[in-house]
2 protein chains.
Amino acid sequence: MEKTILIFGALILAILVLFKLSNYAIYKGDLSIELAIGVMAIVFFFIGLFINKRLNNRKSQESIEIDEQKIEELQISSREYEVLCEIAKGASNKEIADTLFVSESTIKTHVSKLFLKLDAKRRTQAIKIAKDLNIIPEL
Amino acid sequence: MEKTILIFGALILAILVLFKLSNYAIYKGDLSIELAIGVMAIVFFFIGLFINKRLNNRKSQESIEIDEQKIEELQISSREYEVLCEIAKGASNKEIADTLFVSESTIKTHVSKLFLKLDAKRRTQAIKIAKDLNIIPEL
DNA sequence: AACGGACTCATACTAAAGTACCAAAGTTCA
DNA sequence: TGAACTTTGGTACTTTAGTATGAGTCCGTT
């Protein structure tokens, strides 16, 4: 909301400035009315495009961003997080163990901890919850 | 690219039309130059916003869109698809059976079929593959 | 030094998932 | 009509996942 006011404030200011410039040019006989109006219109058209593009870029970046704060809140350790990401990739316990150079028993331990922290009963549920919390990459 | 030409064509046409209208109003003494320019500027600013919003909405709809064609290709039946979505929600076989009013045995049958069609060995992998193929809702 | 937490690992067990095989009913299409 | 497919479901079995318990090492903090 604040941003909207700022944008329109800047817009009105720009209109006033361009008014003065266009009036000056018309009185000097350098510009016709049509040209002044046309230039103004096109300038503001592109201002509209530019502002909207900026807002939309910000939006799509936000949705991709991982919620590091949430990970902290849940007290998920880095190793547990690694295991979570591997689970979300569809790997089995054995595969994850091989990937991370530990035993399957260790993976089971991490998984159990993850379930506690995410309040999940099975890995598919843990993936869903993690996705909803934006704590794992969309990849 | 074609769209861009069309948009700018329409833009130039709109400028010419509004020129004529504004000239007519100025000669009649109804409008001052400043007001005409201001109105033009604001109109085109919002045209810019509007056009860009339209283009971006189309984009974000595309990325959310489920690849129905892919589902057809993989020959996933509607029932199988229902089960796939439930799996992705984190539900167990028992829970899915209760949700769809069938037996757990039936769910297992559908799941096995899904694994064949998605070339997956376990449900977490099936979810990943389905996600990558854009055949299940982001939800 | 003592404590707590992360990481690692094992064992034993249960539960859930996954596989194989079989079957029946209904629908669609050549 | 027969074949193919979908949907449903059961049984028996194997494999993987998940739980519980216990333990050791390392590191940081009090």
Side-chain angles (χ1 to χ4, degrees), chain A residues 66-133 135-136, chain B residues 66-133 135-136:
Chain A
I66 291 183
D67 194 342
E68 305 279 356
Q69 194 166 10
K70 196 72 199 179
I71 297 177
E72 292 262 340
E73 272 181 39
L74 294 168
Q75 293 177 322
I76 294 176
S77 70
S78 63
R79 201 60 165 169
E80 283 163 2
Y81 184 73
E82 278 177 21
V83 170
L84 178 60
C85 292
E86 291 298 320
I87 287 175
K89 284 183 192 163
S92 68
N93 285 339
K94 181 74 180 71
E95 284 169 356
I96 300 171
D98 291 342
T99 300
L100 302 183
F101 304 105
V102 292
S103 80
E104 203 174 321
S105 179
T106 301
I107 300 303
K108 287 185 183 182
T109 304
H110 290 314
V111 169
S112 287
K113 292 289 270 307
L114 277 167
F115 287 171
L116 281 177
K117 291 171 181 180
L118 292 170
D119 190 31
K121 293 192 185 65
R122 66 193 69 85
R123 57 191 54 201
T124 52
Q125 194 178 22
I127 293 169
K128 179 68 166 69
I129 289 167
K131 275 246 131 79
D132 291 343
L133 295 175
I135 62 175
I136 51 176
Chain B
I66 290 180
D67 194 343
E68 305 279 357
Q69 196 168 6
K70 195 74 197 178
I71 298 178
E72 291 263 341
E73 273 180 41
L74 294 167
Q75 291 177 320
I76 294 176
S77 71
S78 63
R79 201 61 165 169
E80 284 162 3
Y81 185 73
E82 276 177 22
V83 171
L84 178 60
C85 291
E86 291 297 322
I87 286 175
K89 283 183 195 167
S92 67
N93 284 341
K94 182 73 181 68
E95 285 168 357
I96 300 171
D98 290 342
T99 298
L100 301 183
F101 303 107
V102 292
S103 80
E104 202 175 322
S105 179
T106 301
I107 301 303
K108 286 186 182 181
T109 303
H110 289 315
V111 169
S112 287
K113 290 293 268 308
L114 278 166
F115 287 172
L116 281 177
K117 291 172 181 180
L118 291 171
D119 191 30
K121 292 194 186 62
R122 66 194 68 85
R123 56 191 53 201
T124 52
Q125 194 178 21
I127 293 170
K128 180 69 167 68
I129 288 166
K131 275 250 131 82
D132 292 343
L133 295 176
I135 62 175
I136 50 176

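Throughout, a chain's letter reflects where its sequence line sits, starting with A, and its residues are numbered from 1. As the structure is a prediction and not an experimental result, all values here were calculated from the model. Note: hydrogens, waters and symmetry copies are ignored here, and every other heavy atom, side chains too, is used.
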In whole angstrom, give the distance that lies between atom [atom1] of [X] and atom [atom2] of [N].
X: A:Gln125; N: D:dA17; atom1: CD; atom2: P; answer: 17 Å
X: A:Lys121; N: C:dA17; atom1: NZ; atom2: C1'; answer: 17 Å
X: B:Leu114; N: C:dA17; atom1: CG; atom2: P; answer: 15 Å
X: B:Leu84; N: C:dA17; atom1: CG; atom2: C1'; answer: 16 Å
X: A:Asp98; N: C:dC9; atom1: CG; atom2: P; answer: 12 Å
X: B:Ile107; N: C:dT19; atom1: CD1; atom2: C1'; answer: 17 Å
X: B:Leu116; N: C:dC21; atom1: CG; atom2: P; answer: 13 Å
X: A:Glu82; N: C:dA6; atom1: CD; atom2: P; answer: 15 Å

Q: Would you indicate which nucleotide in C:dT19, D:dA17, D:dT19 comes nearest to any side-chain atom of A:Ser112?
A: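 In terms of side-chain proximity for A:Ser112, the closest of C:dT19, D:dA17, D:dT19 is D:dT19.
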Q. Between B:Arg122 and D:dT16, is there a side-chain N or O to OP1/OP2 distance below 4.0 Å?
A. no
Q) Using a cut-off of less than 4.0 Å, is there contact between a side-chain N or O of B:Asn93 and OP1 or OP2 of C:dA17? A) yes
Q: Take the C1' atoms of the five end pairs on each side of the helix from C:dA1-D:dT30 to C:dA30-D:dT1, derive the two axes, and give their angle rounded to 10 degrees.
A: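 Computed angle between terminal axes is 40°.
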Q: Apply the side chain to side chain contact (heavy atoms under 4.5 Å, CB included) test between B:Gln125 and each candidate in B:Lys121, B:Lys128, B:Arg123; give the one that qualifies.
A: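 Between B:Gln125 and the candidates, side chain to side chain contact (heavy atoms under 4.5 Å, CB included) is satisfied uniquely by B:Lys121.
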Q. Using a cut-off of 4.0 Å between protein heavy atoms and nucleotide atoms, how would you tag nucleotides 5-15 of chain D 5' to 3' with B, S and -?
A. -SSBBB-----
**Q.** Basic-acidic side-chain contact under 4.0 Å: A:Glu95, B:Arg122
**A.** yes
Q: Check the pair A:Leu133, A:Leu118 against side-chain contact (heavy atoms from CB on, under 4.5 Å), reporting the backbone distance first and the verdict last.
A: CA-CA 10 Å; A:Leu133 295 175; A:Leu118 292 170; 4.3 Å; yes
Q. Heavy-atom distance under 4.5 Å between the side chains of B:Glu72 and B:Glu68, does that happen here?
A. no
Q. Can you check whether A:Ile71 reaches A:Ile66 side chain to side chain, under 4.5 Å on heavy atoms?
A.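 In short, these two side chains touch, coming nearer than 4.5 Å.
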Q | Closest contact, heavy atoms only, A:Ile76 versus A:Tyr81 | A | CG2-N, 3.7 Å
Q: Considering non-hydrogen atoms only, spot the tightest contact between A:Val102 and A:Ile107 and give its length.
A: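 Minimum heavy-atom contact is CG2-CD1, 3.7 Å.
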**Q.** Between A:Ser112 and A:Thr109, a side-chain donor and acceptor under 3.5 Å
**A.** no
**Q.** Value rounded to 0.5 Å, distance of CD1 in B:Ile135 from CD in B:Glu73
**A.** 10.5 Å
